[in-house]
Asker: 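Sharing a structure with you now.
Numbering starts at 1 and runs along the sequence shown. When a ligand or atom number is given, it counts from 1 through the structure's own listing order. Since the structure is predicted, the reported quantities are computational estimates derived from the model, not experimental observations.
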Amino acid sequence: MPAKYIFVTGGVVSSLGKGLAAASIGCLLESRGLKVNLMKFDPYLNVDPGTMSPFQHGEVFVTDDGAETDLDLGHYERFTHAKLSRDNNWTTGRLYEQIIAKERRGDYLGKTVQVIPHVTNEIKAAMKKVAQDVDVAIVEIGGTVGDIESLPFMEAIRQMRQELGREDTLFVHVTLVPFIAAAQELKTKPTQHSVKELLSIGIQPDILLCRTDRFLSKDIKAKIALFCNVQEEAVITAKDVASVYEVPLVFANEGVDTLVLKYLHMDAKDRDLSKWEDIVHRVYNRKDTVTIGIVGKYVEYEDSYKSLKEALVHGALAHNLKLQLNWIEAEGLENCDQASVNAQLEGYDGILVPGGFGKRGIEGMLIAIRYARENKVPYFGICLGMQTACVEFARNVVGLAGANSSEFDQATPHRVIYKLRELRGVEELGGTMRLGAWTCKIEPCTLAHRIYGKLEVSERHRHRYEFNREYEEPMVAAGLRISGSTPDGTYVEMVELPDHPHFIACQFHPEFKSKPLEPHPLFSTFIKAAYEYGLKRKAEKEIAAVEMFHRPEKVARR
Ligand code: GLN
């Protein structure tokens with residue numbers, strides 16, 4: 001049977017959680033035994049978000065096939081089992097790039113190339129491609145209704161309804177119903193205007209997901225239904241929740257899945273959300289807290305590390321812990337005396353240096369890593385966090401003064417991290433990143449082996465620089481363990497310190513593969529080690545306090 005389509009649009013303001021809404025609908029449909037795929041269209045002109053600043057765009061999510069995509073694809077993967085690739089995220093820029101290439105090749109046989117039908121046809125073809133072999137394809141249109149840039153996408157979904165009919169297409173509109181404190185009232189006007197905007201381009205929404213901070217009364221729902229021309233049952237309260245993983249349950253309570261199935265004339269089994277209920281139960285019943293410090297550079301904008309934050313939450317939930325995450329601006333650790341560094345870092349059960357690009361803050365990261373290494377604080381380095389861990393080790397343990405990555409110091413006497421091409425004398429060309437899934441072979445009897453419980457894994461990459469094997473010998477002699485490499489041995493993928501309770505770093509980004517129902521082992525073990533370290537530290541402090549009380553002269557002598 002051909003797939004049915006759900007089109008998700010957004011109105012009033014951005015950041016209403018359209019991506020989460022799409023992912024949660026996908027999750028609900030999967031819970032009823034249906035197979036789904038999800039895709040996102042981004043109306044901006046960049047070919048992909050790969051070149052955009054994390055401050056502008058948030059995280060760049062990487063798929064197995066190495067596509068640099070919108071962070072909403074991260075939600076899709078965390079909430080469903082859909083297999084995503086570059087086919088699942090299109091921007092206006094990439095569509096036009098493709099259309100212009102066709103035009104130059106003469107594929108349009110002399111015709112005038114226009115938005116309708118040529119651009120809209122490409123959009124529809126992209127939708128149909130991801131809809132193969134699934135029951136339902138959920139298509140999210142980025143931006144807000146009324147944006148000039150999103151018009152061709154809106155037109156394409158309007159045509160899809162025209163082509164496929166009501167039973168095979170569904171329009172879901174995510175909108176805002178704000179509570180106005182001065183009037184002590186929920187206001188429906190923004191939603192009315194947003195739907196009017198949609199109607200003016202020929203789209204009548206079927207379901208309204210109303211973002212609000214409180215439940216919509218029957219009266220409010222009736223009013224919205226009347227003015228927006230939808231069924232009362234299709235006006236859904238999409239209430240704010242404490243955890244994003246609660247959204248599927250909120251939607252289920254409001255009967256979103258039942259409504260979707262009814263409108264799309266589909267049969268499905270009863271929903272089973274028991275695993276999600278368990279996750280949400282854990283969110284509200286945590287036994288203790290674990291405190292992690294992330295030392296990085298984009299720390300003031302949390303969306304830049306979306307998957308990382310979620311992966312840490314998954315790790316914490318796996319141990320029934322509440323995650324207390326503190327973002328530490330790496331630059332703030334530079335030019336401080338040791339006492340101030342200690343004061344800034346000593347409250348953490350674990351320290352993590354995440355991925356990043358550029359020189360700013362590197363010295364601060366090295367200070368944090370040295371602190372973690374010397375004080376035996378659990379450390380987890382990801383991508384840049386592995387590279388900086390190697391630089392720190394080279395400088396402070398091996399004694400290679402001035403060791404660095406050639407990304408930060410071209411003239412360093414010791415390029416422990418470098419671009420492989422630099423040594424081979426090959427000029428840098430575009431598209432030089434190592435992207436997407438690579439196999440990593442794990443050394444037996446290492447921490448990495450204990451964590452993964454297997455000797456071969458596949459993880460996703462997004463970086464240019466690598467560990468320089470020329471420094472392997474002195475580094476290994478000084479106590480660094482290379483615990484993961486590509487099968488041909490070219491690239492180092494994981495390093496660790498055997499004489500430290502938990503010091504591990506990887507060249508890839510495991511956060512992209514962590515899901516609430518399948519927490520990534522690198523994160524869950526890091527959280528466990530951090531929690532245990534925190535308990536030990538607390539116990540030691542208590543013992544010291546007791547000793548201080550009973551035998552202050554002995555403590556003073558220590
Ligand atoms: N800047 C480093 C590189 O390009 C690390 C990249 C990352 O952390 N994603 O290799």
Asker: Scan Trp438, Phe467, Tyr418 and name whichever one has a ring pair (Phe, Tyr, Trp, His ring centres under 6.0 Å) with Tyr491.
Answerer: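 Per the ring pair (Phe, Tyr, Trp, His ring centres under 6.0 Å) rule, the option paired with Tyr491 is Trp438, out of Trp438, Phe467, Tyr418.
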Asker: Only one of Phe523, Phe503, Tyr348 clears ring pair (Phe, Tyr, Trp, His ring centres under 6.0 Å) with Phe380; which?
Answerer: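 Going through the options one by one, the only one that passes is Phe523.
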Asker: Filter on salt bridge (Lys or Arg N to Asp or Glu O under 4.0 Å), then keep only pairs touching residues 450-461, sequence neighbours left out; what's left?
Answerer: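 Residue pairs with at least one partner in residues 450-461: Asp64-Arg460, Glu77-Arg460.
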Asker: So, for Gly364 and Val295, which heavy atoms are closest and what is the spacing to 0.1 Å?
Answerer: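 Looking at all heavy atoms of both residues, the shortest contact is O-CG1, 4.5 Å.
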Asker: Does anything in residues 388-401 pair up under salt bridge (Lys or Arg N to Asp or Glu O under 4.0 Å), and if so which pairs, sequence neighbours excluded?
Answerer: Glu363-Arg395, Arg373-Glu392
Asker: Any protein N/O atoms within less than 3.5 Å of an N/O atom in ligand 1? List the atom names and distances, or say none.
Answerer:
unit_1	atom_1	unit_2	atom_2	d
ligand 1	1 (N)	Gly356	O	3.0
ligand 1	1 (N)	Glu407	OE1	2.7
ligand 1	1 (N)	Glu407	OE2	3.1
ligand 1	4 (O)	Arg464	N	2.9
ligand 1	8 (O)	Gly356	N	2.9
ligand 1	8 (O)	Gly356	O	3.4
ligand 1	8 (O)	Leu384	N	3.1
ligand 1	9 (N)	Arg462	O	2.8
ligand 1	9 (N)	His509	NE2	3.2
ligand 1	10 (O)	Gln387	NE2	3.0
ligand 1	10 (O)	Arg464	N	3.0
ligand 1	10 (O)	Tyr465	N	2.7

Asker: Could you name each residue pair satisfying salt bridge (Lys or Arg N to Asp or Glu O under 4.0 Å) that touches residues 489-501, not counting sequence neighbours?
Answerer: Arg434-Glu493
